[in-house]
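Worksheet: one structure, shown below.
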Amino acid sequence: MKLFSTLLCTLALVLYLFPATAFAAGEGNMESGGGGMGQGTSANKWVPGNDGVRITVVNAETGSVVSSPIDYSNTIQRSNVLHFGKVSKLQYLSGTHLSPQSGIAYSCRIPGNPMPAIVSSTGRNNIESIKRYFCSEYACMMIAEDAGVSYEAMLAGKYKLLVEPLAYFTHNGLYYCMTATEAALYDQLSGGALRRTMASLTHKNLPLSLFLEYGDLGLPAWSGSTTGKQANADIISGLGMGIVKFKEQPPVPESGIEAPDMEYRVNTDVITSITLQTGENLTPDNPASVTFYILDTSYQVNNIVIPKNDSQVVWVKWHTPGTPQDVNITVSVSGATTAQTTFIARIVDLNERIPPDPLATDTYPGYSPPALPVNQQKLTANWGVWSCYWEPKWVWHSDWKWHSNQKWHSNPCNGSCPSNCPGGHGKWVDEGNWIDEGKWVDEGEWKYNYTGYSASISGSMSLMPDDIVPTANGKDMKSGYGVKTSVNAVLSTDAPSGHVTNPQTAFSVFPEFQYTTYLRLLQRVSSGRSAKFTFRSNEFSTYGRAVHFTPVWFPDNTNYVVYTQVWDAWTPDGMLSVNLNDYITIHGSLFDDWYTNRE
């Protein structure tokens, strides 16, 4: 049995793409099965794509229903459809009886972003797309608002969502809306009328479109057949349902920091920087040094020189781990000061949220193209490094000293020498002189040079019809076909390679989803200062094309505009990013290329 998927939306992405400050972390407890269906008759038929879901908000602890069930369908349903009210499986199992709502108008809501197909005519619905949709931020916000419950409480894990598939079909010439549970209850009351005429829908593909992988809310996991027609009792007790729950966000440790100081993507080259200040001249004789401690590795930057009362950015270039986590960064500074020496870097996984498989039956009434997102971008960065050199100034420092030179001066007495006359009749005389024994002293000083660096990012985006679209004409294309993209991002800089990283991340969002909810991570097909990105291979493409499929319902004579952001070109002055967009023009749909001309 497959494990259920978990959708985790990173905070950085939410801040860019959604106005909400929290993020959804939904788990989808649902699996699917089914099989092929017959052609039906005019009195008993179902049109593929004419389906929906009934959502009930349930208290996660008690299992009690906290809101009236809400029906959603991608298709506008007429108000006179025969129905049994908005009753959930939990209520039916608690004793509520099937009750036709005679004369009461039916209503359902149409999501702004279309749901993936819930019930399949082949028994092969895309359960992963269904999980992604109902575990998404968009669906969480939509259901919380429609049900009148707290969105924040839902995110905190207070509520679970019971999801039941709906089918709209014609039975004995009358148009009905039923959940799988209601169809089984109706079949019991009518003596098997549905099983005789609509069994492939009501007893196979509708109940098997969703069932639980593990028990929850007192409802059992399904371990029976996932392909054949099912008994009414089994449908009522264990089929036609899925559950979505949300993880309670972990509390912030008391000693921790509520928000990270920086955020990086996993497996990415990044730059972490600090700014040093000094109140004295830092020279080669007394330089500053900085050591960054990151993930059990130390990165040392030595011989930092800065003039008095000035500053300089100091940084380290490193590679983030491959798994999301919070990384503590400690900085040790010697010879200068900095504002902060401990940081928390949040390493996040920019989860690709793949759009659901587009179907030929998809509809989106009343659609109008949304405005492009308005997201910040940083196109330029500036920083610099101080260097220091000695400018000599030679000055003579005098040191005068007397150099003695004693000489004997004779003084003949001519026979009349006094009694004290020195022998030889003379005296000693010092005939020395003053000599400057000073020296040249270099009274120069350290001079500083500031070398400024800059970097800028530019980009271009080309959106074109896929090469195998048979009727494309330049940038004109029919809806329903795939489009390819080529995104180029160029980093221009005069700095050494140790100062920067090259563009590393790109992702695209799409107009049919209001540029929210879903995104495609692009693959980098060439790296370096000039990086190129394209779509990844599409899991829904028969030929494995690297495309995104346009919805078949997209309006004619309208530009289909894809919006792309390029991130993770890091500098000491922060991350450079650029926002891009391009379009193709829709004229007609792929149905125009596939027809039978019979005389």
Side-chain angles (χ1 to χ4, degrees), residues 4-5 7 24-32 50-60 62-77 81 83-94 96 101 106-119 125-127 129-168 177-183 206-207 209-213 216-219 239-247 356 517:
F4 59 83
S5 64
L7 180 68
E27 291 182 354
N29 177 8
M30 53 184 75
E31 190 52 271
S32 67
N50 200 9
D51 60 10
V53 292
R54 179 166 295 166
I55 304 287
T56 308
V57 181
V58 180
N59 185 294
T62 66
S64 59
V65 174
V66 298
S67 75
S68 297
I70 306 167
D71 287 3
Y72 294 94
S73 175
N74 291 333
T75 304
I76 296 176
Q77 299 295 335
V81 61
H83 64 103
F84 305 98
K86 305 291 176 59
V87 183
S88 72
K89 179 184 282 286
L90 288 173
Q91 293 166 304
Y92 283 122
L93 291 174
S94 297
T96 301
Q101 303 296 293
Y106 173 77
S107 65
C108 69
R109 298 175 186 266
I110 299 178
N113 291 336
M115 301 179 294
I118 307 299
V119 183
N125 67 1
N126 191 318
I127 188 63
S129 292
I130 295 172
K131 289 180 182 180
R132 280 195 295 264
Y133 186 93
F134 289 105
C135 294
S136 71
E137 178 96 9
Y138 170 79
C140 179
M141 294 177 69
M142 174 184 70
I143 294 166
E145 180 178 356
D146 292 345
V149 300
S150 167
Y151 169 69
E152 289 75 17
M154 187 178 292
L155 288 183
K158 183 176 180 180
Y159 303 121
K160 295 180 181 180
L161 305 180
L162 177 64
V163 183
E164 298 180 69
L166 284 170
Y168 302 88
C177 163
M178 297 187 195
T179 65
T181 304
E182 289 171 337
L206 175 60
S209 62
L210 291 179
F211 53 81
L212 299 187
E213 295 182 281
D216 197 2
L217 295 177
L219 301 171
L239 289 172
M241 59 185 174
I243 293 174
V244 174
K245 64 180 179 180
F246 297 89
K247 289 184 176 180
T517 306

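Computed from a predicted structure; not experimentally measured. Heavy-atom basis, side chains included; hydrogens, waters and symmetry copies ignored.
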For E182, give me all partners under salt bridge (Lys or Arg N to Asp or Glu O under 4.0 Å), at least two apart in sequence or on another chain.
R54
Using side-chain heavy atoms (C-beta onward) and a distance below 4.5 Å, is Y151 in contact with M142?
no
Partner residues of T56 under the side-chain hydrogen bond (donor to acceptor under 3.5 Å, both in side chains) criterion, sequence neighbours left out:
none
Hey, can you pull the donor-acceptor pairs under 3.5 Å for the side chains in residues 156-166, sequence neighbours left out?
from, atom 1, to, atom 2, distance (Å)
K160, NZ, D216, OD1, 2.8
K160, NZ, D216, OD2, 3.1
E164, OE1, K89, N, 3.4
E164, OE2, K89, N, 2.9

For the CD atom of Q77 and the OH atom of Y106, what is their distance to the nearest 0.5 Å?
6.5 Å
Minimal heavy-atom distance between S209 and I118, with the atoms involved, is CB-O, 3.3 Å
Kindly compute the distance separating OG1 (T179) from CZ (F84), expressed to the nearest 0.5 Å.
9.0 Å
Kindly write out the residues that satisfy side-chain contact (heavy atoms from CB on, under 4.5 Å) with Q101, not counting sequence neighbours, or none if the list is empty.
H83, S99, I104
Given side-chain contact (heavy atoms from CB on, under 4.5 Å), test C177 with D71 step by step and report yes or no.
CA-CA 10 Å; C177 163; D71 287 3; 4.3 Å; yes
What is the distance from atom SG of C108 to atom CD1 of I70, rounded to the nearest 0.5 Å?
11.5 Å
side-chain hydrogen bond (donor to acceptor under 3.5 Å, both in side chains) against Y133, all qualifying residues, sequence neighbours excluded
none
How long is the span from the OG1 atom in T62 to the CG atom in L217, to the nearest 0.5 Å?
9.0 Å
Closest non-hydrogen contact found for S73 with D51 is OG-O, 3.0 Å
Does the S88 side chain pair with the main chain of P69, one donor and one acceptor, at a distance under 3.5 Å?
no
Which residues share a side-chain contact (heavy atoms from CB on, under 4.5 Å) with S68, sequence neighbours left out
none
Main chain of P114, side chain of N74: is a donor-acceptor contact present, judged purely on distance under 3.5 Å?
no
Can you tell me how far CG of L212 sits from CG of L239, rounded to the nearest 0.5 angstrom?
9.0 Å
Validation row: L210, I130 side chains within 4.5 angstrom (heavy atoms):
yes
Of all the heavy-atom pairs spanning C135 and V244, show the shortest one and how long it is.
SG-CG1, 4.0 Å
4.5 Å side-chain heavy-atom contact, D146 and I55:
no
